[in-house]
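Each remark here refers to the structure printed beneath this line.
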There are 2 protein chains.
Amino acid sequence: MGTGHQHCQHRGANLAELADRLRRGARKLTGPRQLVLESLRHSRHPQTPKEIHAALAGQPCDLATVYRSLKVLSDLGMVQRFDFGDGIARFELVAEGRDGHHHHLICTRCARVVELDECFLDEIQQRIATANGFRAVTHKLEFFGLCPDCQ
Amino acid sequence: MGTGHQHCQHRGANLAELADRLRRGARKLTGPRQLVLESLRHSRHPQTPKEIHAALAGQPCDLATVYRSLKVLSDLGMVQRFDFGDGIARFELVAEGRDGHHHHLICTRCARVVELDECFLDEIQQRIATANGFRAVTHKLEFFGLCPDCQ
DNA sequence: CACGAACTGCAAACTATTTGCAGCGCCGGT
DNA sequence: ACCGGCGCTGCAAATAGTTTGCAGTTCGTG
């Protein structure tokens, strides 16, 4: 596999960045990790480990390795975990440049996902943190409803 | 066990209401269901099924039955499910009178939970729903951070 | 180019949650 | 107060998602 750059850079980190961050942590740039990153890069919405694994069809990569790779990518801050309330972890690439913080609008019937780019909670979050003496406060927020097709 | 009323009615529905709602759904008022309801009534924060089961020590009630009871109570709208991002379901009694909608501020180190009574997302949610053509939109929101003791 | 640390596949272990089944108990009707 | 039927429960086993132990393989540095 060459070191060439990809033609379509939908979103998020690229191979070079991955290699770089991995090196800094005494981690290795391996096939499975590239595969997982690639898979996420081609996905528009959060993917479950199982989905990621399925998308790798052909390439040899154990599901357990997908989990381990996601852990690494997550530790490196290149991937973010989301919960859609069904107890299944979903992962999405962190958008390049930004901190990647955003939310989703999920159809409870067909599972369709809309990415919401804005986050309006900064001020409210700050207020809550202060009021309760908490520090380093973050939040998880997802919206659920019926999409136009499912109403 | 008598049919007497409890002396401390912290929050949420009581036995009479449970019996009433159950009857309406051709469901039965059984020991385990009362136990689960009681247990939740004495809890100030969302409880995992395992915690609920543990709190029932002494009373015979299978963990599977706790799950089933929670499902029933949830269907009846007397109990609400929360996700704290660790993939474990937690349940809380729906506050009496109100719709019970609220959020939590959770310490990521000691798991302490602060109940947040207000919800500030109504307007934002409405805007998002409209903008995307969704209906019957709800949301799940939890805040995470370090509590004063853990900083 | 060799070496060691990191990584992978495979299988087994775990944890949370659900389900099949046979017997028991609640509740409306009598 | 009693009966009968439909839930409901306990128990155990099945699922489903995720993690882990181990032995062999690979990456990246010296």
Side-chain angles (χ1 to χ4, degrees), chain A residues 1-3 15-16 18-39 46-54 56-76 79 81-91 111, chain B residues 1-3 15-16 18-39 46-54 56-76 79 81-91 111:
Chain A
M1 220 166 291
T3 57
L15 267 275
L18 172 60
D20 203 50
R21 294 203 195 187
L22 283 169
R23 198 158 8 230
R24 233 172 292 164
R27 255 73 172 274
K28 295 180 180 176
L29 178 61
T30 63
R33 286 173 189 181
Q34 293 178 46
L35 286 174
V36 169
L37 185 72
E38 263 320 287
S39 174
Q47 304 285 302
T48 65
K50 196 198 281 188
E51 287 169 341
I52 295 169
H53 181 246
L56 266 39
Q59 323 293 330
C61 179
D62 197 81
L63 178 57
T65 299
V66 171
Y67 276 99
R68 286 191 273 227
S69 297
L70 287 170
K71 177 75 164 47
V72 170
L73 289 168
S74 177
D75 288 346
L76 293 177
V79 147
R81 174 187 167 148
F82 290 94
D83 269 288
F84 284 4
D86 56 2
I88 303 179
R90 285 157 212 265
F91 297 84
Chain B
M1 216 168 296
T3 57
L15 267 274
L18 172 61
D20 204 50
R21 296 203 195 186
L22 283 170
R23 196 154 13 223
R24 232 171 292 163
R27 256 77 170 271
K28 295 179 180 176
L29 178 62
T30 64
R33 288 174 187 179
Q34 293 178 46
L35 286 174
V36 169
L37 184 73
E38 262 320 286
S39 175
Q47 304 285 302
T48 65
K50 196 199 282 187
E51 287 169 342
I52 295 169
H53 182 245
L56 266 39
Q59 322 294 329
C61 180
D62 197 81
L63 178 57
T65 298
V66 172
Y67 275 99
R68 286 190 273 226
S69 296
L70 288 170
K71 175 77 166 47
V72 169
L73 289 169
S74 176
D75 288 346
L76 294 178
V79 148
R81 174 188 168 148
F82 290 94
D83 269 287
F84 284 3
D86 56 0
I88 302 179
R90 285 157 210 266
F91 297 84

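Throughout, protein chains are lettered first and strands after them, A, B, ... in sequence-line order, and every chain is numbered starting at 1.
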Specify the separation, in whole Å, of atom CD of A:Gln47 and atom P of D:dT18.
14 Å
Closest heavy-atom pair, B:Gln59 versus B:Leu35, reported as atoms and distance to 0.1 Å, is CB-CD1, 3.4 Å
Using the closest heavy atom to pick a nucleotide of DNA chain C for each, name whichever of B:Pro49 or A:Pro60 lands nearer the 5' end.
A:Pro60
Identify the heavy atoms of A:Pro49 and A:Leu63 that sit nearest to each other, and give their distance.
O-CD1, 3.8 Å
Closest approach of B:Leu22 to B:Lys28 (non-hydrogen atoms, all atoms of both residues)
CD1-O, 3.4 Å
Please report the distance, rounded to the nearest Å, between CZ in B:Arg33 and P in D:dG10.
11 Å
Here the gap from A:Leu18 atom CG to A:Arg33 atom CZ, rounded to the nearest 0.5 Å, amounts to 8.5 Å
Here the pair of heavy atoms bringing B:Gly87 nearest to A:Arg81 is N-NH2, 4.1 Å
Protein-nucleotide distance (A:Lys50, atom NZ; D:dT18, atom P), rounded to Å:
9 Å
Heavy atoms of chain B, cut-off under 4.0 Å: which first and last nucleotide of DNA chain C, 5' to 3', fall inside that, if you could look?
C:dA16 to C:dG28
Atom NE2 of B:His53 and atom P of D:dG10 are separated, to the nearest Å, by 8 Å
Per-nucleotide protein contact string for nucleotides 24-30 of chain D (B base, S sugar-phosphate only, - none; heavy atom under 4.0 Å)
--BBSS-
Quick one: label A:Ala89 by what it contacts on the DNA or RNA (base, sugar-phosphate, nothing), any heavy atom closer than 4.0 Å.
sugar-phosphate
Measure the spacing between CD of A:Glu51 and CG of A:Leu56 and express it to the nearest 0.5 Å.
12.5 Å
Can you tell me the distance, in whole Å, between the CG atom of A:Leu63 and the P atom of D:dG17?
9 Å
Would you mind reading off the distance between B:Tyr67 atom OH and D:dA16 atom P, rounded to a whole angstrom?
16 Å
Please report the interatomic distance CZ(B:Arg21) to CG(B:Leu73), rounded to the nearest 0.5 Å.
10.0 Å
If I take atom CD1 in residue A:Ile88 and atom C1' in nucleotide D:dT18, what distance separates them, rounded to the nearest angstrom?
12 Å
CZ/A:Arg90 to NZ/A:Lys50 distance, rounded to the nearest 0.5 angstrom?
10.5 Å
May I ask you to say what A:Ala26 touches in the nucleic acid, namely base, sugar-phosphate or nothing, with a heavy-atom cut-off under 4.0 Å?
sugar-phosphate
Please state how far atom CG in B:Asp86 lies from atom C1' in D:dT19, giving the value in whole angstrom units.
15 Å
Stepwise, does the side chain to side chain contact (heavy atoms under 4.5 Å, CB included) test hold for A:Leu70 with A:Ile52?
CA-CA 10 Å; A:Leu70 287 170; A:Ile52 295 169; 4.0 Å; yes
